[in-house]
Amino acid sequence: MVDYSLKIAKVLEGIAPVELAGTERELSLPMIIIQQSSNASAVRFEGQDFLTESRYQVDCYAETPEKCVKMAEEVNARLQAEGWQRTSGQLVGRQRFLLNFKAIVDEKYNVYAKE
């Protein structure tokens, strides 16, 4: 099982401070929090995983709904440019935009788009 949270965090740098889920840091606005929601073998050969289907939740927190939406648009653009597919996205309340992404990824963080 491979966790790509740090790789995703690097892609999102500069939009807002990025934290991984479970951090002890207090929430401050704006902020992005990344959490892996699932990780399953996509291609396996002779007992070894070659490709993994990974799913991540990315929460964008900001002072206003407009700022949340703007951050979410930038997160979406950057992750889709990396090959991640957005599976859902919605404004939750006034200060949080929740996005979900999935991709098939190898251990070297090569992302494979489904055709």
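- Side-chain contact, Asn100 with Ser88: a donor N or O sits under 3.5 Å from an acceptor N or O.
- Looking at Arg94 and Glu63, their side chains never come closer than 4.5 Å, going by heavy atoms from C-beta outward.
- Under the 4.5 Å side-chain contact rule for hydrophobic residues, Leu98 and Trp84 do not share a cluster.
- Looking at every heavy atom in both residues, Ala62 comes nearest to Met71 through CB-SD, 3.8 Å.
- Residues Cys60 and Cys68 approach most closely at O-SG, 3.9 Å, considering heavy atoms.
- Using a 4.5 Å heavy-atom cutoff, the side chains of Arg96 and Leu91 are not in contact.
- The nearest pair of heavy atoms linking Ser5 to Leu20 is CB-CD2, 3.7 Å.
- Side-chain contact check for Leu51 versus Val105: every heavy-atom pair is 4.5 Å or farther apart.
- Residues Ile33 and Leu29 are members of one and the same hydrophobic cluster, defined by side-chain heavy-atom contacts under 4.5 angstrom among Ile, Leu, Val, Met, Phe, Trp and Tyr.
- In this structure, the separation between CZ on Arg25 and CE on Met31 is 3.5 Å, given to the nearest 0.5 Å.
- Considering every non-hydrogen atom in both Gly83 and Ala103, the closest pair reads O-CB, 4.3 Å.
- Residues Thr52 and Asn39 come closest through the heavy atom pair CG2-OD1, 2.8 Å.
- In this structure the side chain of Glu19 never reaches within 4.5 angstrom of the side chain of Ile34, judged on heavy atoms.
- Electrostatic pairing of Lys70 and Glu74 does not count as a salt bridge here, judged by no charged N lying under 4.0 Å from a carboxylate O.
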Test Leu99 against Gln57 for side chain to side chain contact (heavy atoms under 4.5 Å, CB included), laying out the working first.
CA-CA 6 Å; Leu99 296 154; Gln57 177 176 310; over 6 Å; no
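- Checked by atom type, the side-chain pair Asp3/Tyr56 shows a donor-acceptor distance below 3.5 Å.
- Between Gln80 and Gln85 the shortest side-chain heavy-atom distance does not fall below 4.5 Å.
- You'll find the side chain of Val75 reaches within 4.5 Å of the side chain of Ile15, heavy atoms only.
- In summary, the side chains of Tyr61 and Gln95 do not present any donor paired with an acceptor at a separation below 3.5 Å, with no hydrogens or angles considered.
- From Arg78, atom CZ reaches atom CG of Asn76 across 12.0 Å, with rounding to the nearest 0.5 Å.
- In this structure, Lys7 NZ and Leu12 CG are separated by 14.0 Å, a value rounded to the nearest 0.5 Å.
- Hydrophobic cluster membership is shared by Leu6 and Val58, with clusters built from Ile, Leu, Val, Met, Phe, Trp and Tyr side chains linked at under 4.5 angstrom.
- Tracing side-chain contacts under 4.5 Å through hydrophobic residues (I, L, V, M, F, W, Y), one reaches Ile32 starting from Tyr4; they form part of the same cluster.
- Contact check on Lys10 versus Glu13 returns a salt bridge, with a Lys/Arg side-chain nitrogen under 4.0 Å from an Asp/Glu carboxylate oxygen.
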